[in-house]
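Heads up, the thing below is written out as C-alpha cells.
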Number of protein chains: 2
Amino acid sequence: MDRDIFICHNCPMTRTMATIGTKWKPIIIYTIGKKKVRFGVIHAKMGIISKKVLTDQLRELEEDGIVKREVFKELPPRVEYSLTPKGLELLPILNMLTRWNQKHHGNTSGKGLRVR
Amino acid sequence: MDRDIFICHNCPMTRTMATIGTKWKPIIIYTIGKKKVRFGVIHAKMGIISKKVLTDQLRELEEDGIVKREVFKELPPRVEYSLTPKGLELLPILNMLTRWNQKHHGNTSGKGLRVR
DNA sequence: GATACTGATAACAATAAAGTAACCAGGAAA
DNA sequence: TTTCCTGGTTACTTTATTGTTATCAGTATC
C-alpha cells in the first residue's frame, strides 16, 4: 500500500488506516497480545501467512512503534516480539471489533471450512 | 481480497478482518456516519477513491448488512446510503481507533503533504 | 560429513486490488 | 439539438500485495 497517499489526508480515519489498515496487521497485533512471542510462534499461530510477508509487516509495525523486537545472540537465532505501550492500547479496541463481529455474525467457524 | 480464506479460520480477529479489513471500508463507514448520504457526496468527501471501487465496496458492505441502500426513482437518479444498526455500532469503535492514532501520532495533517 | 535448527533475505512469480476511460438512461434546461 | 445531471457498469490497464523457492549463518546431533 502506498502509505503516502494516506498520510497527507486530513480525515482522521484515513490517517489511522495508513498505520494499521492492512489485511494482516490487526491480526498480528492480536496474535502477539500481551506476551513475548518468537517469530516462529507467530508464524505457526497465524498459519496462512508467508514468512516474508510476516517479516515485512513486523518491520513496519516496529517502525511505527507498535511492536518491539528483541534479538538474542544465540544459535539457532531467537527473536522475540512484543507490543509496545502504544500497541497494547490497541488491544482492547481490537477486542471490541471481534466482539462486534461475533455478536452480528455469530460463530461461523466450521461453516464453509475451506483452508487453502 | 479472497474472503474465503478468512471465513474458515477460527481466529476471531481473522474473521473480523474478513468483513471490514480493507483499505477503504472503515473510511467509508466513518464517512457515512450517522447521516443519510448520497453516492456523489461520499465520493466527493473521500476524494481519492474511484467510483468503481466505491461502488464495489458499498455493495459488499450492503451484503454484510452494514450499509443500507435506498434508491429513489427520480431523474437524475438519487441513491442514499446510511448505516444499519450493525454499522452504527461500529462507529464508536472506529472513533476509538482515530483517537488512538491522534494520541500517538499527533496531528500530522499538513506535514508531508503529498497528494497525487 | 550430512542434516537440522531459526529468522531471516533476495530474486522472482502470481494474484488481488485499484484505477482509467468510455458509455448508459431519460428528462430538463440552454 | 446538444449538454448536463447522477449513479452506476463494462472492459481494460496498472499497481500493490502476497506467495514461492532457494539461500545463509554457525553450532549440535546423528
Side-chain angles (χ1 to χ4, degrees), chain A residues 1-7 9 14 17-28 31-32 36-63 67-82 114-116, chain B residues 1-7 9 14 17-28 31-32 36-63 67-82 114-116:
Chain A
M1 174 163 29
D2 182 357
R3 304 163 94 208
D4 287 337
I5 305 173
F6 275 150
I7 287 159
H9 222 254
T14 303
M17 293 308 285
T19 313
I20 50 158
T22 68
K23 184 176 169 182
W24 295 116
K25 280 179 188 171
I27 304 175
I28 294 172
T31 301
I32 296 177
K36 286 195 177 192
V37 200
R38 294 184 66 168
F39 177 87
V41 174
I42 302 175
H43 187 243
K45 276 198 181 180
M46 294 187 59
I48 50 167
I49 189 176
S50 68
K51 284 200 293 181
K52 184 198 148 229
V53 174
L54 181 54
T55 304
D56 293 348
Q57 301 288 303
L58 282 167
R59 287 291 182 285
E60 286 190 16
L61 287 169
E62 198 191 352
E63 267 181 49
V67 154
K68 185 176 145 202
R69 182 170 178 263
E70 288 178 276
V71 183
F72 297 84
K73 285 174 189 169
E74 301 175 3
L75 265 165
R78 179 158 65 104
V79 180
E80 286 183 351
Y81 291 92
S82 56
R114 219 185 315 177
V115 186
R116 281 209 284 221
Chain B
M1 174 162 27
D2 182 355
R3 303 162 97 211
D4 288 338
I5 305 173
F6 275 151
I7 288 159
H9 222 254
T14 303
M17 292 308 284
T19 313
I20 51 159
T22 67
K23 183 176 170 181
W24 294 117
K25 280 179 188 170
I27 304 174
I28 294 172
T31 301
I32 297 177
K36 285 196 179 194
V37 201
R38 295 183 66 168
F39 179 87
V41 174
I42 302 175
H43 188 241
K45 274 197 182 181
M46 295 187 57
I48 51 169
I49 190 175
S50 67
K51 283 201 294 180
K52 184 199 149 229
V53 174
L54 181 55
T55 304
D56 293 348
Q57 301 290 301
L58 282 168
R59 286 290 183 286
E60 286 190 14
L61 287 169
E62 197 191 354
E63 267 181 49
V67 154
K68 185 175 146 203
R69 180 169 179 264
E70 288 179 275
V71 183
F72 296 86
K73 286 174 189 170
E74 303 174 0
L75 264 164
R78 179 158 64 105
V79 179
E80 285 182 352
Y81 291 91
S82 56
R114 219 186 310 179
V115 187
R116 280 211 283 222

To the closest 0.5 Å, what do you measure between OG (A:Ser82) and CZ (A:Arg69)? 12.0 Å
I need the A:Ile42 CD1 to A:Tyr81 OH distance, nearest 0.5 Å. 7.0 Å
Between CD1 of A:Ile48 and P of D:dT20 the distance, given in whole Å, is 11 Å
Would you indicate what A:Gln57 reaches in the nucleic acid, counting non-hydrogen atoms under 4.0 angstrom: base, sugar-phosphate, or nothing? sugar-phosphate
Does A:Arg59 have a side-chain nitrogen or oxygen under 4.0 Å from the phosphate oxygens OP1 or OP2 of C:dA8? yes
To the nearest Å, how far apart are B:Lys23 NZ and D:dT15 P? 13 Å
Between D:dT10, D:dG8, C:dG27, which nucleotide gets closest to the side-chain atoms of B:Leu75? C:dG27
Expressed as a whole number of angstroms, how long is the span from A:His43:NE2 to D:dT18:P? 14 Å
Rounded to the nearest Å, what distance is computed from the CG atom of residue B:Asp56 to the P atom of nucleotide C:dA18? 9 Å
Looking only at side-chain atoms of B:Phe39, point me to the closest of C:dA18, C:dA8, D:dG8. D:dG8
So if I take every side-chain heavy atom of A:Val79 and compare against D:dG7, C:dG7, C:dG19, which nucleotide ends up nearest? C:dG7
Let me confirm one number: the CH2-CG distance from B:Trp24 to B:Leu58, rounded to the nearest 0.5 Å. 12.5 Å
Testing C:dT20, C:dG7, D:dT18 for proximity to the side chain of A:Trp24, the answer is D:dT18
Atom pair CG/CZ of A:Leu54 and A:Arg59 - distance to nearest 0.5 Å: 9.5 Å
Please state how far atom CG in B:Leu54 lies from atom P in C:dT20, giving the value in whole angstrom units. 14 Å
Whole-Å distance, A:Glu70 CD to C:dG7 P, equals 13 Å
Please give, in whole Å, the distance from C:dA4 P to A:Glu74 CD? 22 Å
On the nucleotide D:dG8, are OP1 or OP2 found under 4.0 Å from the side-chain N or O atoms that B:Tyr81 carries? yes
What's A:Phe72 touching, base or sugar-phosphate or nothing? Going by heavy atoms closer than 4.0 Å. nothing
Which one, D:dG8, D:dG19, C:dT20, comes nearest to the side chain of B:Thr55? D:dG8
Assuming nearest nucleotide by heavy-atom distance, tell me which of A:Lys52 and B:Arg78 is located more 5' along DNA chain D. B:Arg78
Return the CD1 to OG1 distance between B:Ile49 and B:Thr31, rounded to the nearest 0.5 Å. 9.0 Å
Measuring from the side chain of A:Ile49 (C-beta onward, heavy atoms only), which nucleotide among C:dA18, C:dA8, D:dG19 has the closest atom? D:dG19
Proximal nucleotide (of C:dT6, C:dG19, D:dG7) relative to the A:Arg38 side chain: C:dT6
Rounded to the nearest 0.5 Å, what's the gap from CG on A:Leu61 to OG1 on A:Thr19? Could you check? 10.0 Å
How many Å lie between CD on A:Glu80 and P on C:dG7, as a whole number? 9 Å
Candidates D:dT6, C:dC5, D:dG8 - which lies nearest the side chain of A:Pro76: C:dC5
Between C:dA8, D:dG7, C:dG19, which nucleotide gets closest to the side-chain atoms of A:Lys51? C:dA8
